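Input: a single structure, listed below in structure tokens.
Nothing here was measured: the structure is a model prediction, and the numbers come from that model. Just so you know, ligand 1 is whichever comes first in the structure, and atom 1 is the first atom listed for that ligand. Note: hydrogens, waters and symmetry copies are ignored here, and every other heavy atom, side chains too, is used.
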Amino acid sequence: MSTPMPTTTRAALDVERIRADFPALHQEVHGRPLVYLDNAATTQKPRRVIDAVSRFYEYDCANVHRGVHLLSQRATVAYERARTTIRKFIGAADSREIVFTRGTTEAINLVASSFVRPRLEPGDEILITGMEHHSNIVPWQLLCAATGAVLKVVPITDSGEIELDRYEELLSDRTRFVAVVQVSNALGTVNPVKRMIEIAHARNIPVLVDGAQAVPHARIDVRDLDCDFYAFSGHKIYGPTGIGALYGKREHLLGMIPYQGGGDMILSVTWEKTSYAEPPHRFEAGTPNIEGAIGLAAALDYLDSLGLDAVAAHESELLETATAAVLAIPGIRLVGAARHRAGALSFVMKGVHPHDIGTILDSEGVAIRAGHHCAQPVMQRFNISATVRASFGVYNTIDEVQRLVDGLHKVKEVFG
Ligand code: C6P
């Protein structure tokens with residue numbers, strides 16, 4: 001039997017009204033009303049975002065920073081206004097500290113190429129943690145292969161927390177950079193990034209925070225964190241795919257070499273010499289994802305209008321309720337039981353492959369992710385190949401948690 005669950009959440013959010021804003025939620029899959037619990041992979045989009053993108057195409061569609069005509073001016077204003085919205089949303093001081101990227105992956109690669117690479121000598125070290133997404137592993141491995149630098153990894157405990165003592169020990173006089181995930185996509189662990197940044201800064205080591213799974217669930221203030229760089233993706237925070245942002249301290253961005261060459265990132269070009277635009281445009285070569293930036297700003301405005309504290313309270317109640325209910329099912333084991341978790345619940349069921357669980361849940365209308373979650377070293381750490389991950393968004397309900405639990409009971413029936 002499943003654990004009795006409350007029928008409503010405590011938080012001051014009108015979730016039914018919020019659900020009405022998301023057209024994709026109101027459909028059936030395999031004859032059952034959709035329960036979308038794959039928000040860590042990507043979120044559904046509210047009408048406001050869809051409308052903002054459509055409006056751009058219907059009325060303002062033009063290239064930015066290039067045209068004297070009205071449509072181009074309107075597109076430029078909307079694109080640069082989106083930058084300001086992002087600045088405010090993450091608490092940055094200056095819009096010139098916000099670089100539009102394709103997402104978290106590109107933001108990290110940009111920092112690796114333009115900030116870290118020129119600072120590396122053979123034998124220098126880059127420190128990451130044992131719970132990074134591949135996006136915060138592979139760019140550093142590529143960099144180490146190209147420069148002779150060494151990648152060091154902070155181990156994690158059995159409950160999926162960072163070993164903070166080992167972190168301090170691993171910071172050496174050869175450490176040139178730290179890159180750390182704020183919320184693990186595979187475990188849901190919330191890392192003490194503010195403390196980690198303080199510790200690194202005491203040794204003059206700059207820090208990048210991968211905020212892909214953090215921004216949707218909590219108010220982020222990059223100035224309070226004092227991080228040097230902060231990366232996130234639009235599509236995980238109710239915005240479009242193919243757009244994200246890199247925050248970088250102005251003094252760092254000013255000293256960085258371009259990431260890619262092309263239009264819009266230059267001041268002047270002759271056969272002999274090119275001089276580059278100031279940041280952030282220096283890092284935005286080519287026609288950008290204009291509608292993506294506009295859609296992302298609409299998403300952030302939408303989330304702000306709901307109140308991030310209420311959103312966070314609602315989601316943590318969903319996570320707590322789901323954790324208790326799923327753990328009450330015999331044979332289920334949590335992967336990652338950190339004291340502070342956000343967004344996602346990862347687990348395995350004895351004798352059943354996560355992909356089979358995913359398939360049965362799908363037939364019940366419940367969308368979760370089963371796999372390694374692009375965090376294979378995390379799976380290796382726990383000696384498993386995959387987990388089932390249910391991840392929550394602002395529009396999820398306790399009834400949907402119940403549908404997940406019912407689906408898991410069905411899995412148990414099928415597999416005996
Ligand atoms: N995680 C997941 O299902 P992109 O693909 O660039 O938008 O985000 C990459 C990324 C970086 N860091 C973390 C912590 C992430 O979770 C992700 C994306 C998705 O968990 C897709 S693999």
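The closest approach between any non-hydrogen atom of Val181 and ligand 1 is below 4.0 Å. Not close to ligand 1: Arg102, with no non-hydrogen atom less than 4.0 angstrom away.
For ligand 1 and Cys374, the ligand atoms under 4.0 Å from any heavy atom of the residue are 22 (S). For ligand 1, the atoms lying closer than 4.0 Å to a non-hydrogen atom of Ser135 are 9 (C), 10 (C), 11 (C). Atoms of ligand 1 lying under 4.0 Å from any heavy atom of Asn185, numbered from 1 in the order shown and given with element: 1 (N), 2 (C), 16 (O), 20 (O).
Residue His235 has at least one nitrogen or oxygen atom sitting less than 3.5 Å from a nitrogen or oxygen atom of ligand 1, judged on distance alone. Geometrically, ligand 1 and Arg389 share a nitrogen or oxygen pair separated by less than 3.5 Å. Considering both main-chain and side-chain atoms, Glu106 never comes within under 3.5 Å of ligand 1 through any nitrogen or oxygen pair.
Taking the charged nitrogens against the carboxylate oxygens, Asp124 and Arg176 do have a contact shorter than 4.0 Å, which makes a salt bridge. Under a 4.0 Å N-O distance rule, the pair Lys88/Asp304 does not qualify as a salt bridge. Using a 4.0 Å cut-off between a side-chain N of Lys or Arg and a carboxylate O of Asp or Glu, Glu97 and Lys249 do not qualify as a salt bridge. Under a 4.0 Å N-O distance rule, the pair Arg219/Asp224 does not qualify as a salt bridge.
For atom 11 (C) of ligand 1, the closest non-hydrogen atom on the protein side is Asp210 OD2, 3.4 Å. The closest protein non-hydrogen atom to atom 6 (O) of ligand 1 is Thr105 OG1, 2.5 Å.
The OG1 atom of Thr321 sits 13.0 Å away from the CD atom of Glu400 when rounded to the nearest 0.5 Å. Rounded to the nearest 0.5 angstrom, Arg17 CZ and Arg19 CZ are separated by 13.5 Å.
Remark: among candidates Met131, His133, Gln182, the nearest residue to atom 10 (C) of ligand 1 is His133, based on non-hydrogen atoms. Scanning Ser233, Gly242, Gly103 for the heavy atom closest to atom 4 (P) of ligand 1 points to Ser233. The heavy atom nearest to atom 19 (C) of ligand 1, out of those in Gln213, Lys236, His372, is found in Lys236. When the options His134, Arg369, Glu132 are ranked by their closest heavy atom to atom 21 (C) of ligand 1, first place goes to Arg369.
Applying the ring-ring contact (aromatic ring centres under 6.0 Å, His included) test to every pair with at least one member in residues 38-61, sequence neighbours left out, gives no pairs at all.
Counting only distance, with no hydrogens or angles, the side chain of Asn191 and the backbone of Val193 share no donor-acceptor pair below 3.5 Å.
For the pair Arg119 and Phe115, the cation-pi test (distance below 6.0 Å, angle within 45°) is passed.
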